[in-house]
2 protein chains.
Amino acid sequence: MSQLPEQPTEGPVPTSADVARLAGVSRATVSYVLNNNAAVRISDPTRRRVREAATELGYVPHAAARSLRAGHSRMVLLPTGNFPAAPLHHHFLHELEAGLRRLDYTVVQYGSLGLDAEDAARAWAELRPVAVIAPGSVPLTPQGIAVLRRSGAKAVFTLGPEPVAGAHALIMDQRQVGGCAVRHLMERGRRRIGVVMPEEPALALFAEPRLAGARQAASAGTARIEPLPLHHDEESAAALAARWRTLGLDAVFAYDDLHAMLLMRALQDAGIEVPGETAVVGADDLMLGRLLRPRLSSVRMELDTVQPLADLVDRLVRRPGKEPERHDLLRATAVHRESS
Amino acid sequence: MSQLPEQPTEGPVPTSADVARLAGVSRATVSYVLNNNAAVRISDPTRRRVREAATELGYVPHAAARSLRAGHSRMVLLPTGNFPAAPLHHHFLHELEAGLRRLDYTVVQYGSLGLDAEDAARAWAELRPVAVIAPGSVPLTPQGIAVLRRSGAKAVFTLGPEPVAGAHALIMDQRQVGGCAVRHLMERGRRRIGVVMPEEPALALFAEPRLAGARQAASAGTARIEPLPLHHDEESAAALAARWRTLGLDAVFAYDDLHAMLLMRALQDAGIEVPGETAVVGADDLMLGRLLRPRLSSVRMELDTVQPLADLVDRLVRRPGKEPERHDLLRATAVHRESS
DNA sequence: TTGAAAGCGTTACCAT
DNA sequence: ATGGTAACGCTTTCAA
C-alpha cells in the first residue's frame, strides 16, 4: 500500500523549460519539436527525447502565453444571452461550432447575462477574439462593435431577426414565418386572423417580427390582423378561449406549435371547432403537431447548411475591412395538415 | 461628407503603454488607476487623465496577458458535448453560470465534439481553467482528470448520472426517475411494466439508468420490467402499438413526456384504452402533458438551487486537494393525472 | 542541428 | 505619489 496513491503532484505546472531541462535541450528545441516546425530539422533521437519528456511531465502548452506571443488568437467568441429562445438555434449553433472547428478555430461560448451592451462588449474584447458572433438575444450596439474591432476582432456578426449597424448580419428573418402562416390561411379563405403574442419577454424578439410579417402579408390582400397576448399557461389560454367569439376571428397563427397546442386545447374545451370555426397554424413543425387531433398545420423553418457559413466567417476574418455583409439563413414553408 | 466615416482605425490594438504615453504617466500608474488598486494613492488629476486616455483610445486590457502575469485565471470551463440531452440541463447550466459569475468567475463553454477523452482534456488544459465542470455527455477519463489537475485546475467535476473516479461528482441520479415512475405504477396496482428505451444514442446516457432504477423498484415488489426500444417517430410507435397486446403489459414508463405523447397516441389509434388497459407515465412534467386527454401522469424532476452549488465550486477551488465530493442534485416526484 | 535572447501585455516589487 | 524593472510561458530570429 503506497502512501501516495496516484496523487497528481500538487506542485507547479510544468512548462516548456521543464521539458527542455528533462530532455537536455533548449526551450527552442522543445517548441520546434512539439509544433512540428518544418522550417528546422531536428534529429530523430532528440525528437524522441523531447516527446518522452513532455509525456512524462504531462506538459500541455499554455494557450494564453502562445497567443500573447503570436499577437493573435483563433478564438471565435459566441456570447450566450438570456435563454435559448428557439430550439432551432441550438442545433444551428452546435453545427456552426463544428464547422468552425474544422477550420481550426476555437469556439468559445461566453455567458453575458446581466451586463449592459457596453460592459459586455468590453468583457468580450478582453479575450481578444478574432471574431464575435452575437445572437440577437444579447445586446450589441455600434459602440460595442467599435470596441471589439479596436481590440482586434476581425469580424463581428449578429445572428438573429435583425441586423445591427456596423456588423455583418446573419439574418433569420422571422417576418417570413408570420408572412408564410398568414398567406397560407388567406389561401384557404380566412380573412380575420389572430396572431398570438407570447408575453414572455425572451420571446418578444421573435414575436414582434412574426407579427410584422403577418401584417405585411395581410395588407397585400384584404385580411385583418389581431394581436392576441398570451401567457404559456392554461389559465391564460382558457381566458382567451372564453372571449373568443367576441373577437370575430376565423383563424389564428399561434406563434409556434407549443402555443398552438395550448390554444387549440382551450378552444376545443370551449366548444369552438377547429378548423371549422377557427383555423389554427403553429410554427416549428414539431413532431407533436402530427400527434394532435386535428393534426396541426405548421410553418417549417429550415436553416441553410452551416459549412458555407463557417467558410464565410473564415473569409471575413482573413480579408476584413469590407462592407458589412448580410446573409439570409431562414427559409419558411407552410405545412398543411388538418387544423387549417 | 467626411471621407472616413467612423472607420474604426484598423491600426494596432492599443495597450496600456499607449494609454500611459497619452496620459503622460508610466504603465504602472495606468495599471494602478484602472484596477483601482487601493494599496497606492494616485492623485485625482492623474486618475482623470488616465481614465480619459483609456477611453479615448478604446483601451481594453488583455485577459491573456493578465492571467499570464497573475499565474492563474478565474476561468471555469464548461465543455459542451454532443447535444443538449435534457431540457432541464440548459436551465441548470445557465443558472450555474450566473451563480459563478456572481462569485467573479468567468464561465466559458467549450465545444469538444469529435475529440477523444485524452485530446479533449489536453485542449481544455491549454486554457488553464481553474475549474472544469464536465457534463456526462463529454468523455472524461481518470487520465484526463490527471492532465487537468497537473495543468493547474484546482477542481474537476462531472455533472451527470454517474460519477468518474478522481473527480468531484454532481450527480443527477436518473435511476430515481425510473424508480419513481415504477413505484407510482405499482402503487396503482400495475405489475407488468414496459420501459421505453429511446434508440437515439444521445439519450442512452439517461435511458440506461432510468431502466436500472425501474428494475430496482420492480424487484422490491413483484413486478416485471420489459424494455421497449423505440425511435421518436410515428412509424416506430405504430409498430410497437401493433404488437402491444402480445407483450401482455398493463403499464408503461415512456422515458419522458414527449415519448409518452407519441406512444399514447399510437396506443389510442390502435384501440388500446389508456389508462384502462394500459397506464402511461412520462417524465419532465411538461405543460403539454396537461393538454393531452387523458392528462398525462409524469415524473417531475427538480434540481437543487444552484447558488449553493456555485459556492461549493468556489470552496473546492480555494481549498483543493480534498477527497472527491459527491452531491446529489436531483429530486424526482410522481405527478398523478389521468393516464395512470 | 541546436542555443541564446528578445519580446508579446500585464502587474508587483522596489526605488525614487 | 509615481516610475523603472523584472517576470509570467511561449515562439522565433539570429548566431554558433
Side-chain angles (χ1 to χ4, degrees), chain A residues 12-50 53-54 57-75 122 125-130 150-152, chain B residues 12-50 53-54 57-75 122 125-130 150-152:
Chain A
V13 179
T15 71
S16 74
D18 297 322
V19 177
R21 203 158 21 237
L22 180 58
V25 300
S26 76
R27 309 214 309 284
T29 307
V30 172
S31 174
Y32 292 145
V33 171
L34 296 184
N35 294 312
N36 288 315
N37 191 327
V40 66
R41 303 225 59 86
I42 308 277
S43 67
D44 270 5
T46 304
R47 302 187 94 87
R48 252 217 353 269
R49 284 218 314 286
V50 169
L57 294 176
Y59 168 73
V60 176
H62 191 308
R66 172 180 291 175
S67 71
L68 185 60
R69 162 70 219 215
H72 58 85
S73 76
R74 289 185 68 78
M75 182 198 303
R122 255 188 298 276
E126 288 194 357
L127 302 176
R128 297 289 191 273
V130 70
R150 260 202 304 275
S151 80
Chain B
V13 179
T15 72
S16 73
D18 297 322
V19 177
R21 202 155 25 237
L22 181 57
V25 299
S26 75
R27 309 213 307 284
T29 306
V30 171
S31 173
Y32 292 145
V33 171
L34 296 185
N35 295 312
N36 288 315
N37 191 325
V40 66
R41 303 225 61 84
I42 308 278
S43 68
D44 270 6
T46 305
R47 304 186 94 85
R48 255 218 349 270
R49 284 218 315 287
V50 170
L57 294 175
Y59 168 73
V60 176
H62 191 310
R66 174 179 288 173
S67 72
L68 184 60
R69 161 69 219 209
H72 62 260
S73 75
R74 290 185 67 80
M75 182 199 303
R122 257 189 298 276
E126 288 195 357
L127 302 176
R128 297 290 191 273
V130 71
R150 260 202 305 275
S151 80

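Note on naming: letters A, B, ... go to the chains in the order of the sequence lines (proteins, then strands), and numbering restarts at 1 for each one.
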Any side-chain heavy atom of A:Arg128 sitting closer than 4.5 Å to one from B:Val60? yes
So, taking the atom named CE in B:Met75 and the one named OG in B:Ser73, what distance separates them when rounded to the nearest 0.5 Å? 5.0 Å
Students should find that the end-to-end axis angle of the helix from C:dT1-D:dA16 to C:dT16-D:dA1, with five pairs defining each axis and rounding to 10 degrees, is 50°
Please name all residues satisfying salt bridge (Lys or Arg N to Asp or Glu O under 4.0 Å) with B:Arg122, sequence neighbours left out, ordered by chain then number. B:Asp119
Show the nearest heavy-atom pair for residues A:Tyr59 and A:Thr15, with the distance to one decimal. CE1-C, 3.5 Å
What is the nucleic acid contact for B:Thr46, judged by heavy atoms within less than 4.0 Å: base, sugar-phosphate only, or nothing? sugar-phosphate
Counting the atoms with a prime plus P, OP1 and OP2 as sugar-phosphate, which does A:Val25 contact under 4.0 Å by heavy atoms, base, sugar-phosphate, or nothing? sugar-phosphate
With sequence neighbours left out, write down each residue that passes salt bridge (Lys or Arg N to Asp or Glu O under 4.0 Å) with A:Arg47, or none if nothing qualifies. none
Can you tell if the side chain of B:His62 reaches within under 4.5 Å of the side chain of A:Leu68, non-hydrogen atoms only? yes
Say whether, by atom type as modelled, one donor and one acceptor occur between the side chain of B:Arg27 and the main chain of B:Ala17 under 3.5 angstrom. no
If you define the side chain from C-beta out and look only at heavy atoms, does anything of A:Asn35 sit under 4.5 Å from A:Arg66? yes
Side-chain donor/acceptor of B:Ser26 to backbone N/O of B:Thr29, under 3.5 Å: yes
Could you list where the contact with chain B starts and ends along DNA chain D, reading 5' to 3', using a 4.0 Å heavy-atom cut-off? D:dA1 to D:dG9
Using a 4.0 Å heavy-atom cut-off to protein, can you give one letter per nucleotide of nucleotides 8-16 of chain C, 5' to 3': B if the base is in contact, S if only the sugar-phosphate is, - if neither? BBBBBB---
Can you name the salt bridge (Lys or Arg N to Asp or Glu O under 4.0 Å) partners of A:Arg21, sequence neighbours left out? A:Asp18
